[in-house]
Structures are given as C-alpha cells and as structure tokens.
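Just so it is clear: chains get the letters A, B, ... in the order the sequence lines come, proteins before strands, and each one is counted from 1. Everything quoted here is computed from the prediction, not taken from an experiment.
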Amino acid sequence: MDYHHRAIEQKWQKFWADNHTFRVANISDKPKYYVLDMFPYPSGAGLHVGHPLGYIASDIFSRYKRLKGFNVLHPMGYDSFGLPAEQYAIQTGQHPAITTEANIKRYREQLDNIGFSFDWEREVRTSDPSFYKWTQWIFMQLFNAWYNKATDKAEPIVTLIAHFASHGSHGLNAVSDDDTLAFTATEWASFSEAQQQRELLKYRLAYLRESTVNWCAALGTVLANDEVINGVSERGGYPVEQKKMMQWSMRITAYAERLLRGLEIIDWPDPLVEMQRNWIGKSVGASVRFGVPVLGDGQYIEVFTTRVDTIYGVNALVLAPEHELVETLTTAAQKAQVEAYITQTKKKSELDRMADVKAVSGAFTGSYAVHPLTGKDVPIWIADYVLAGYGTGAVMAVPSGDQRDYLFSVHFGLPIIPISDAQQLDGQADPTKEGRYINSDIINGLTYHEAVQALVAKLESIGAGKATINYRMRDAIFGRQRYWGEPVPVYFRGELPQLIEVDELPLLLPEVDKYLPTETGEPPLGRAKDWKYRGTFEFELSTMPGWAGSSWYWYRYMDALNAGEFASKEAISYWRDVDLYIGGSEHATGHLLYSRFWNKFLKDMGYVPEEEPFKKLINQGMIQGRSNFVYRVLDEQGRGTNTFVSYGLKDQYHTVALHVDVNIVSNDVLDLEKFREFRPDFADAEFILENGKYICGHEVEKMSKSKYNVVNPDDIIEQYGADTLRMYEMFLGPLEQSKPWNTNGIEGVYKFLRKFWKLFHNAEGDFAVSDEAPSKAEWKALHKIIRKVEEDIERFSFNTSVSSFMICVNELTDLKCNKRAILQDLCIVLHPYAPHITEELWAMLGNAPGTLSYATYPAFNPEYLVESEFSYPISVNGKTRMNLTLPLDMEQLDVEQTVLTNEDIQRYLEGKPVKKVIFVKGRIVNVVV
RNA sequence: GCCUAGGUGGUGGAACUGGUAGACACGCAGGACUUAAAAUCCUGUUCGCCCUAAAGCGAGUGCGGGUUCGAUUCCCGCCCUAGGUACCA
C-alpha cells in the first residue's frame with residue numbers, strides 16, 4: 001500500500017475529534033504544562049500559510065510534552081471583536097456578529113485540516129457574552145480599586161474610603177490624578193456623595209479623565225498611540241487630529257516599576273524585553289521649581305531633569321508651546337511673536353515636526369523666572385522641541401550639557417556657560433559626567449555623584465525640588481467610539497459614572513440601525529433604542545478597546561465553561577501561568593504590556609497566583625510572500641502585446657513586469673496552460689521561452705491578494721498533506737526568523753515521509769515489520785534521533801530536527817531496517833511533527849488506535865552511541881590535510897608519535913621542525929611547525 | 001540618530017561551549033529503469049586553477065584589522081539589510 005496522505009489524515013482527524021483525544025482535565029497526577037498561542041482575529045480572508053507557523057511550533061511542543069508525561073493545556077480561541085468586521089458592517093449593513101461567526105467557521109475548518117491537538121472544548125471568543133461578561137467584570141474590579149504605594153499594590157476602593165473616613169487625605173501614599181484635594185476626616189464626612197465620588201474617581205485604576213486623544217474623523221474613533229503612524233491612522237491612512245475628550249483610562253503607570261522589575265524574572269527574547277523597557281522609559285532625576293514672580297507670590301514652574309548637577313548652567317526655561325502658563329507669561333511686547341509661533345507650530349503636522357528635527361525654532365515670552373539657587377533671572381521661552389506630554393512640559397535649558405539646548409542657545413544668542421572642567425565645547429554640547437564642577441557655587445570642585453547628592457539635599461531643604469523618577473509610559477486610554485467591542489458596564493448619574501450590579505452582567509451589546517456615529521457625533525451605541533440603565537440613566541456609549549479581551553483570555557481557557565467565575569480557584573491554582581507563549585513580536589508593547597498589567601492587578605486582588613503571566617515567550621518570524629512575475633513585451637508605442645518573455649531573456653526586449661499567481665508557478669517555471677486560463681486577456685498569450693521553459697522573476701513582498709502571492713494551506717494539504725505542511729513550515733528555517741514562503745523544496749519533505757512509510761513496507765508495498773533484534777547500527781541511528789529531537793525541541797530549533805529525521809530515515813533505508821523495536825520508537829519521536837502518518841503506522845504496528853498521543857517518549861541510551869574510534873582531522877598549521885582513524889582512548893603522546901611518523905603527514909611537514917602538537921581528544925590534531 | 005537582530009553556495013539553511021565550513025533539502029547536470037512520461041533510484045554539484053582521469057594547488061562565511069596552534073563562532077572599526085523607536089529633558 002502506498003502512502004495516501006489524504007485518507008490517513010482525514011481518518012485520524014475524525015478519530016481525534018470523535019474520541020476527544022485532546023480533552024484535558026484540570027486535575028492530574030502529571031505535572032502541568034501550559035502552551036499558549038496568540039489567538040487570531042478571524043478575518044474574512046482566511047488563513048494563509050504564514051498564519052499557522054507559530055501554531056505548528058506550539059503544537060509540536062505540546063505533543064512532545066504529552067509524550068514526556070506532562071498534562072498539557074493547549075487551547076485555541078478567537079480575538080473576535082475588531083475593526084474589520086465593523087467596517088464590513090458599515091458597508092453592507094450586516095451585523096458584525098454574523099460575519100464574525102462565518103469567519104470563525106472558516107478558520108476552524110482550516111485549523112482542523114492541519115491536525116492540531118487543541119482542546120476545542122475550551123475554545124473562547126472575546127465577542128461572546130459568556131466571555132465578555134468577565135472582561136466587564138474585571139473592568140468593574142479595576143474601577144473599584146486604587147493603588148496604594150505604601151503596600152505597593154492595588155487595593156479595593158473600600159480601604160481608601162476607610163482611610164479618608166479616619167484620616168482624611170493625610171498620610172496617604174497613592175497613585176492618583178494631579179488635582180487631588182487635601183482634606184481632613186471631618187471634611188470628608190461633610191462632603192456630599194457626589195463630591196466624594198468625584199474625589200474617588202481621581203484614584204480609581206479605571207477612571208474617567210479629559211484626555212487629549214488621537215481623533216480620527218474618517219474612522220469616527222479615537223486611536224491608541226500605536227494605531228497612529230506618522231500622523232495618520234495605521235488602518236486606512238486617514239488624518240488624525242488631537243482632540244480633548246472625556247475618556248476611560250487605565251492607570252497602568254501605577255505599575256510602571258513592577259512592570260520593569262518583572263522583566264528580569266521572565267524568559268523572553270532580549271529585543272522584546274528591551275522594547276518594553278524603552279516603552280516604559282524610566283528616568284531617574286529631580287524635579288526643580290523655578291519661582292515666577294509675575295505669576296504671584298510662591299508661584300513657580302516645575303521642570304524635570306535627569307541632570308540636576310548641571311543646574312548652574314541654566315540659561316533659560318523652555319516650555320512646550322501648549323503649556324498652560326504660556327498665555328499668562330507672555331508680555332504685551334512679545335505677544336505678537338509668541339502667538340505667531342504657536343500658530344506656526346500648530347499648523348505643522350506631526351510629520352513635518354518629525355522631518356524638521358534639526359530646525360531650531362522658538363519664541364521669548366518676555367517673562368523671567370528666578371533661579372532657585374543663584375536667585376538670578378532666567379528668561380522663559382517656548383519651543384516645540386519641548387513636548388507637552390512628557391515630564392512637566394517644561395525644561396531647564398543647559399546648553400553646555402545638552403545638544404538641543406545648545407543649538408537652541410546658539411540660534412537665539414543665549415549665553416553658554418561651561419560647568420565642568422572636563423567639558424569640551426567645540427561647537428557642540430558635552431554631557432560628560434567626568435571632571436569637577438566649575439562656575440557652580442556650592443558644588444564647585446565636586447564629582448558628579450557628590451554634586452547630585454548635595455544639590456538634591458539643598459533643593460529639598462529650601463523646598464525648591466526633590467529627587468523624582470519619571471516614566472515615558474502614559475496611562476492607557478480604554479475606550480473606542482465604536483460598535484463592535486465590549487460595552488462598558490457603567491451608567492451615569494449626572495456627571496458621575498456608576499457601575500451596574502454584578503448580577504446584571506453581561507451588559508449585552510445592543511442592536512443598532514447603523515454602525516456609524518449618531519448625527520450629534522455620539523458613538524454608534526447612541527443609536528440603540530431605549531438603551532438606558534433601569535430605563536432612566538444613560539449608559540456609557542463608548543466600548544472597550546481591542547486589547548481588553550486579550551488582556552486576560554489565557555485564564556478563561558483554564559475553565560472556559562464556568563458560569564460563576566472567570567475561572568475557578570482550583571483551575572487557576574492548578575494551571576497558574578503560561579509556561580510557553582508563542583506569537584508575533586508586533587504585540588511587544590501593546591498586548592504583552594497590557595496583559596502583564598492586568599495580571600499584576602488580578603494578583604493584587606488575590607484572584608491569580610503569579611506576578612507574571614507568561615514565563616517563557618518565543619516570537620515566531622513573519623512569513624512573507626514571494627511574488628512571481630511574467631514579463632510582457634511592449635511594442636514601439638509602449639503598448640502591451642500578448643507576448644511574454646522568459647526572465648533570462650527579458651533584457652533583450654522592452655517589457656513590463658506583471659504579478660502572476662504563484663500557485664500556477666512551480667520552481668519559478670510557469671505553467672503555460674494555467675497561465676492562459678489565469679486571465680481572459682491572456683487566453684491567446686504567446687511565449688518566448690528559454691530551454692523550453694518560461695522562467696518567472698521573483699521578489700519578496702508582503703503576502704497579499706493583490707500581489708497574487710497568497711498560498712492557502714488547504715491547497716498544500718490537498719496536494720501534499722498536513723504532515724508535509726507541518727514539517728515543511730518548520731524546515732523553512734529558524735522559527736524566530738522572518739522568511740519568505742516558497743513552495744520550492746516542499747517535495748523534499750514529502751519524499752521524506754514516503755521514505756519513512758516505505759520502511760514499514762516491503763518491495764511489493766505490503767506492511768512488513770520484523771521482530772528480529774536490531775543491529776548495532778540500527779540502534780545507533782534510533783538513539784541519535786532520540787537525543788537530537790529532544791535537544792532541538794527544548795531549544796525550539798525545529799528546523800534542525802527535520803533535517804535530522806531525514807538523515808535518520810536515510811540511514812535506516814540504507815540499512816534496510818524494518819525492525820519493530822526501531823520503527824515503533826521512531827514513530828513516537830516523529831509523532832509531534834507528523835502526527836497523522838505516525839498514528840496510522842502505530843496502529844498498523846498493532847497498538848491500540850489513538851494511544852500514540854499519550855505514549856512515552858523513548859529514553860535515550862548513550863551506550864548505543866559509544867564509539868571506540870574516531871577519524872581525526874589532522875591539520876598542519878591550522879590547515880586540514882587529511883583524516884586519520886585512531887582509537888578514542890589513545891592519549892596525547894601516542895597520538896603525536898602515530899601522527900608524526902605517518903608518511904603522508906611527513907610530506908606536509910616538509911622536514912620543518914615540529915614546534916608543538918595540539919591534541920583535543922575526539923576532536924582534532926593540529927601540528928604546528 | 002538611538003535600540004535590537006542579522007549578513008554563509010544558484011536557493012532555504014546547518015555547523016550546539018573556538019576544533020574537518022557548506023549537514024539536510026531544493027534546484028541544476030549526467031545516468032539507470034520505461035515505448036514514452038510521471039514516479040523511483042544512482043552519481044556529481046562553494047569558487048578558481050591544473051588535468052583525459054586520478055590526484056593536487058589556491059581562495060573562501062558582508063569589508064578591514066586583532067587575539068589564538070586553530071575564528072562563521074571572541075575583540076575593535078566600518079558597510080549593508082530587516083524590525084522597533086522618534087527631539088523623553
């Protein structure tokens with residue numbers, strides 16, 4: 001019998017489904033192992049061969065872990081809220097739930113084709129009310145919590161209320177808005193309910209605040225910073241403007257330090273850790289207050305600096321043009337100039353501002369601040385190199401130590417004062433921390449560390465500053481003016497947001513007549529009829545952002561059907577955290593940061609046990625498209641003819657390159673018949689061939705329909721089978737590396753599986769396995785692969801395993817091995833990679849069908865690999881000259897003698913005196929002359 | 001600019017802690033089987049020189065240096081590619 005992949009694969013996929021082979025229990029004697037994939041957004045286009053790359057790797061790993069005796073949780077689901085379904089709904093009027101359902105069905109079919117070992121009984125969909133009920137529930141927990149810096153964790157809001165009731169705001173160390181009130185316990189008691197609520201909102205981890213948001217009028221929505229690229233929306237490329245708006249936000253900044261600390265205990269790729277570190281952007285420095293007499297007594301401008309030691313070099317304060325004090329500070333004489341400058345910067349788009357980094361601009365306000373240490377006047381300027389959103393939106397300019405300040409000062413003729421004897425100011429600033437300070441009053445002669453200490457102490461003692469830590473990361477906006485997302489479980493009593501009752505969850509997404517903003521500019525939910533809480537109060541009309549559901553979904557898999565909790569305590573305490581998470585690096589600062597934040601919060605509230613949710617993380621590379629081109633010959637007027645010239649001859653003609661469907665090209669050779677059917681206008685195409693073939697050109701591009709380079713896994717599976725697809729995707733190269741998909745080469749993997757199949761069959765094609773004892777060489781081939789695959793999988797080097805399987809099967813074929821003892825173990829070792837063919841052969845070997853998934857991975861026995869001899873490469877002066885087989889237990893002196901007296905070696909020595917012989921046992925002999 | 005990863009045959013890639021560079025596979029060339037094709041199998045395939053052949057010689061892992069008996073691997077400088085980031089005080 002030949003290897004018929006289609007029949008075998010369908011048979012086993014059905015078997016696994018019918019027998020619930022991959023159903024996994026939350027109780028087990030085995031150690032647990034949780035393998036998670038980043039779940040997909042089910043788009044209308046379906047899967048292409050790039051999508052399953054990570055899933056195949058995680059499936060191999062899961063199947064391997066099962067064979068190694070672990071209880072493996074390996075679930076899959078859908079991140080099914082999202083823009084494309086809504087965009088489609090806007091265009092067609094079809095409810096996004098319907099398109100989403102259809103897309104999920106298609107995804108499921110495609111996934112099932114590949115033979116994954118997911119426990120589908122745990123499937124989650126973020127858009128399903130039984131799931132988003134708990135997303136809303138977590139939101140409510142966040143609303144009902146504050147961050148206590150004293151205990152360094154989030155606490156229920158009741159503990160804050162208790163503190164206010166007994167101590168007022170005194171002694172509180174909390175993360176909050178800037179405008180909190182100071183009050184006593186008695187004053188708190190005297191506050192109205194509304195006043196109290198207003199104050200509490202300044203502390204809640206989910207809170208409302210007026211934020212400047214990226215408003216995209218064309219999309220009718222607010223975008224996150226990472227959705228705005230170069231001033232236009234990532235999706236669609238529409239213009240984005242800054243707009244003030246009441247927005248739900250998440251106080252992720254409360255967790256900045258813990259998010260940073262956690263990076264040290266997790267096993268993630270360095271670039272990803274680095275990206276998160278930069279995103280959080282911690283700077284240690286000081287805040288310094290510069291008094292501003294014109295604003296009134298005791299009024300000041302606060303700046304943040306990482307170089308407080310340079311404070312005596314300050315020649316100006318520079319504010320962001322958007323700074324709130326600019327208008328007040330501008331004197332009548334400077335008014336025209338300042339206003340002109342502000343108009344000019346406002347006009348500049350984000351893009352211009354970035355392109356213009358080197359152009360210095362700014363304006364003098366006419367006012368002066370007072371240097372807190374010298375008492376001297378410091379002019380106050382505005383300039384757009386100072387960003388309103390970072391620090392305090394104001395900087396102290398130190399031209400000798402900061403290049404931007406230097407350029408600014410040179411441009412506007414401000415004095416440049418050197419502050420260190422080590423500074424070299426030849427046309428640029430010198431930020432050195434070496435040397436001793438000069439022109440710096442109380443720190444003259446001190447070193448950097450001494451100076452910082454002395455200055456912070458001094459500033460603190462006069463109330464003009466303190467040591468401060470600043471983060472680049474901002475609180476995350478948690479709202480979208482869109483329809484297809486989780487409703488926020490909040491209604492309004494006047495201006496004040498109130499939570500609905502827990503037993504009223506889920507707050508279902510209401511029906512609307514259109515998926516567009518209302519005429520008055522309200523989000524689509526404003527269109528819902530009679531959508532009021534208890535018939536009276538307005539619901540929140542924005543929905544949650546895309547990252548809400550994905551910030552906790554891995555817990556739902558642990559107990560996906562639980563109606564009473566997001567997951568039971570027992571399930572969570574058994575599975576705890578994700579042992580291996582595989583996904584793309586594009587989620588580095590979005591999903592992976594928000595998930596860590598929610599996880600820490602859930603831990604603070606006692607719902608989950610681990611500080612970090614994803615112990616180990618692997619980024620799979622992107623699979624790019626590999627486009628093929630044909631070259632249409634142009635006539636003298638530059639018009640296209642119906643003649644196409646092969647790649648190698650195209651330079652002899654005037655041609656234009658056209659994309660051609662990669663599915664009608666094989667090894668860059670065009671299928672002429674299929675090409676004529678490809679487009680009606682190609683029906684009578686003629687070809688100029690080379691060597692009888694039409695060779696196509698190629699280029700690496702994004703995989704997309706318009707480039708005709710999309711390869712559907714279903715087509716590959718139809719032709720070669722899922723086992724071939726799985727192994728070929730791995731064979732393509734290291735998992736982490738991005739690479740173009742190229743179907744060339746898949747034949748090699750397909751041939752391998754047929755060769756493997758043939759080991760179990762005789763020349764007539766009948767199943768024929770021998771019970772004889774294997775030879776030494778056969779044992780050796782087996783145990784080499786047992787060890788190799790184990791090592792490779794543990795370091796996620798799947799491509800090298802595939803090569804080793806090929807070597808092993810080549811060896812066994814050469815040995816004509818059909819011994820049961822060898823082939824049965826080989827089935828187990830290969831099973832994670834090629835589950836269908838191995839299940840089939842396993843059953844043919846007489847094992848109970850379907851038991852292979854839970855077989856025991858064979859133990860490696862080093863005795864089979866022990867060698868008594870080794871063929872040493874003999875090199876002279878580092879250049880390999882020949883090989884010499886010597887016993888492995890031969891020691892240096894004997895080796896030297898054998899080698900040096902060898903006739904062939906003598907030739908290379910040319911009679912020169914031997915200086916030294918390097919001998920590394922089992923490796924090499926190097927003669928130095 | 002900064003951060004990170006990477007540059008190896010015609011192609012994808014291998015070489016794990018400094019020890020035979022190019023495993024494995026594709027492609028290509030030649031051959032066997034076949035009426036023929038497909039499938040299968042065998043041989044060769046880094047480049048250059050020499051040669052009927054056998055054998056031999058030289059160069060070679062982006063470029064230039066260094067350490068070492070020995071470097072794709074470690075160090076210094078540079079070039080290029082991809083991803084991230086954008087005046088962060």
Fill in the blank from the handout: Closest to the 5' end of RNA chain B, once A/G393 and A/N926 are matched to their nearest nucleotides, is A/N926
Exercise for the section: Hey, which sits more toward the 5' end of RNA chain B by its nearest nucleotide, A/N470 or A/K739? Expected result: A/K739
Determine the Euclidean distance between corresponding [atom1] atoms of [M] and [N]; express it in Å to zero decimal places.
N     : M     : atom1 : value
B/G10 : B/G22 : P     : 16 Å
B/G18 : B/C76 : P     : 16 Å
B/C50 : B/G58 : P     : 16 Å
B/U68 : B/C16 : P     : 23 Å
B/C78 : B/C69 : P     : 28 Å
B/C3  : B/U8  : C1'   : 26 Å
B/G9  : B/U46 : C1'   : 5 Å
B/C57 : B/G7  : C1'   : 30 Å

Among all residues two or more places apart in sequence or in another chain, which pass the side-chain contact (heavy atoms from CB on, under 4.5 Å) test with [X]?
X      : result
A/T800 : A/K788, A/D792, A/R795, A/S797
A/L260 : A/L263, A/R277, A/I280, A/K282, A/Y471
A/K751 : A/R754
A/L689 : A/L672, A/F687, A/Y694

Handout entry: Side-chain donor-acceptor pair present, A/K916, A/N926, cut-off under 3.5 Å
Key = no
Measure from the side chain of [X], starting at C-beta and using heavy atoms only, and say which of [options] lies closest.
X      : options             : result
A/L387 : B/U20, B/A89, B/A15 : B/A89
A/R472 : B/G13, B/A89, B/A86 : B/A86
A/E791 : B/A89, B/C87, B/C16 : B/C16
A/V920 : B/U40, B/G19, B/A89 : B/G19
A/T306 : B/C16, B/U40, B/A89 : B/A89
A/I924 : B/C16, B/C69, B/U20 : B/U20

Think [X] has a side-chain N or O under 4.0 angstrom from the OP1 or OP2 of [N]?
X      : N     : value
A/Q737 : B/G12 : no
A/S871 : B/U20 : no
A/R277 : B/U4  : no

Problem - Within 6.0 angstrom of A/D814 CG, more than 12 heavy atoms from elsewhere - result: yes
Please enumerate all residues that pass salt bridge (charged side-chain N to carboxylate O under 4.0 Å, His left out) together with [X], with sequence neighbours excluded.
X      : answer
A/E867 : A/K780
A/K650 : none
A/D723 : none

Handout entry: Partners passing side chain to side chain donor-acceptor pair (under 3.5 Å) against A/D671 (at least two apart in sequence or in another chain)
Key = none
Problem - Which residues share a side chain to side chain donor-acceptor pair (under 3.5 Å) with A/E736, sequence neighbours left out - result: none
Completion exercise
In terms of heavy-atom contacts, A/Y448 and A/K433 come closest through CB-O, 3.5 Å
Exercise for the section: For residues A/T392 and A/F304, report the shortest heavy-atom separation together with the two atoms involved. Expected result: OG1-N, 3.9 Å
Completion exercise
Here the distance between atom C1' of B/C88 and atom CD of A/E322, to the nearest Å, is 15 Å
Exercise for the section: Determine, for nucleotides 22-31 of chain B in 5'-to-3' order, which nucleotides have protein heavy atoms under 4.0 Å from the base (write B), from only the sugar-phosphate (write S), or from neither (write -). Expected result: -BBSSSS---
Exercise for the section: Give A/P734 one of three labels, base, sugar-phosphate or nothing, depending on what nucleic acid heavy atoms sit under 4.0 Å from its own. Expected result: sugar-phosphate
Exercise for the section: Answer with base, sugar-phosphate or nothing: what part of the nucleic acid does A/V395 contact at a heavy-atom distance below 4.0 Å? Expected result: base
Handout entry: Secondary structure string for RNA chain B (Watson-Crick or G-U under 3.5 angstrom, | for other-strand pairs)
Key = (((((((..(((......[....)))((((((.......))))))((((......))))..(((((..]....))))))))))))....
Considering only nitrogen or oxygen atoms on both sides, find all protein atoms under 3.5 Å from nucleotides 82-84 of chain B and state each distance.
none

Exercise for the section: Decide, for B/G10, between syn and anti: a glycosidic angle within 90° of 0 counts as syn, anything else as anti. Expected result: anti
